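These numbers come from the heavy atoms of this one structure, side chains and all, not from hydrogens, waters or symmetry mates. Keep in mind it's a predicted model, so treat the numbers as computed, not measured.
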Amino acid sequence: MTIGRPPHDYNYFVTQMEALRYYYLAVSYGSFDADYDVFPQSETGNFSAYTLPNQMRYYNPPGANDVQMISRFEEYFQDIFTTADQDDAIDFSQYEHFIVIHAGSDYQHDVNGDTPVDIPSFFITVGTNKEVTVDNGIVINHACNVPETITQDISFDPNESPTYFYDYGVINAVLVHEFGHSL
């Protein structure tokens with residue numbers, strides 16, 4: 001497998017954001033040029049990530065009803081930005097849009113249904129009193145949520161045919177789609 005092959009390190013995510021930038025440059029005929037940063041930043045390109053206080057299973061519990069699911073996604077949103085706000089390298093006032101890339105795949109690409117706690121890809125706008133205040137006054141009420149990969153439920157042995165060929169992929173399309181909601 002060569003598409004979206006690990007490691008999914010800092011440089012991998014910079015490359016994905018550059019692809020997002022070029023996509024929107026092309027479809028806007030040069031009128032929208034996304035300027036972006038990837039955090040946590042890494043001068044060496046090594047993997048770095050923020051760790052939330054709960055595991056994915058908590059944020060997307062199997063069998064959750066709609067009310068519980070929405071509540072947990074709102075909590076996930078709170079935990080993301082509260083955790084990221086601890087990184088002094090981020091000046092939230094410099095950004096209008098936020099993309100969160102979580103570990104693993106997304107719920108939508110779990111063809112076999114064997115990882116029901118994967119967090120779905122989505123764009124979220126939280127309601128009044130659900131926003132997160134960062135940097136002592138910057139209010140965040142929206143974000144895109146995408147996975148680090150969409151490839152799962154296939155054989156990773158290069159000598160075997162994939163079980164589900166259509167599940168090979170990278171996050172470009174998911175990034176573009178969810179960022180479109182933010183625009």
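Sorted by first and then second residue, the salt bridge (Lys or Arg N to Asp or Glu O under 4.0 Å) pairs involving residues 18-30 (not counting sequence neighbours) are E18-R21, R21-D33. Residue pairs meeting the salt bridge (Lys or Arg N to Asp or Glu O under 4.0 Å) criterion with at least one member in residues 129-138, sequence neighbours excluded, are E74-K130.
Residues meeting the side-chain hydrogen bond (donor to acceptor under 3.5 Å, both in side chains) test with T44, sequence neighbours left out: S42, N46. For D87, the side-chain hydrogen bond (donor to acceptor under 3.5 Å, both in side chains) criterion is met by Y50, not counting sequence neighbours. With sequence neighbours excluded, no residue forms a side-chain hydrogen bond (donor to acceptor under 3.5 Å, both in side chains) with T149.
When atom types are taken as modelled, the side chain of H8 and the backbone of A103 share no donor-acceptor pair closer than 3.5 angstrom. Listed for the T15 side chain is a donor-acceptor partner under 3.5 Å among the backbone atoms of N11. No side-chain donor-acceptor contact under 3.5 Å links N145 to the backbone of F122. Remark: the backbone N or O of D114 is paired with a side-chain donor or acceptor of D110 at under 3.5 angstrom. Looking only at distances, a side-chain donor or acceptor of E148 sits under 3.5 Å from a matching main-chain atom of G104.
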CA sep, side-chain torsions, deciding dist, call: Y36, V14, side-chain contact (heavy atoms from CB on, under 4.5 Å): CA-CA 9 Å; Y36 62 87; V14 167; 4.1 Å; yes
Using the rule given for side-chain contact (heavy atoms from CB on, under 4.5 Å), can you reason through V126 versus N141, listing the C-alpha separation, both sets of side-chain angles and the distance that settles it, and then say yes or no? CA-CA 5 Å; V126 296; N141 70 349; 4.1 Å; yes
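For the pair I138/Y95, no side-chain contact is recorded, criterion being any heavy-atom separation below 4.5 Å from C-beta on. A 4.5 Å side-chain heavy-atom check between Q108 and V174 finds every atom pair outside the cut-off. Side-chain atoms of V117 and Q55, non-hydrogen and from C-beta on, never get closer than 4.5 Å to each other. Between F13 and I101 the shortest side-chain heavy-atom distance falls below 4.5 Å. Considering only heavy atoms from C-beta on, T82 comes within 4.5 Å of V132 through its side chain.
Clustering ILVMFWY residues whenever any of their side-chain heavy atoms sit less than 4.5 angstrom apart, transitively, puts I70 in a cluster other than the one holding F73. Linking ILVMFWY residues whenever their side-chain heavy atoms come closer than 4.5 Å, directly or via other members, places Y76 and F98 in the same cluster. Taking hydrophobic clusters as Ile, Leu, Val, Met, Phe, Trp and Tyr residues chained together by side-chain heavy-atom distances below 4.5 Å, Y24 shares a cluster with V146.
Environment of CG in D66: sparse, with no more than 12 heavy atoms of neighbouring residues, nucleotides or ligands closer than 6.0 Å. More than 12 heavy atoms of other residues, nucleotides or ligands sit less than 6.0 Å from atom CD of Q68. The number of heavy atoms from other shown groups lying within 6.0 Å of CZ (F32) is above 12.
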Kindly list each side-chain donor-acceptor pair under 3.5 angstrom involving residues 176-183, sequence neighbours excluded, with atom names and distances?
| from | atom 1 | to | atom 2 | distance (Å) |
| --- | --- | --- | --- | --- |
| H177 | NE2 | H181 | NE2 | 3.0 |
| E178 | OE1 | F123 | N | 3.1 |
| S182 | OG | H97 | ND1 | 2.6 |

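The aromatic ring centres of F81 and F77 sit less than 6.0 Å apart.
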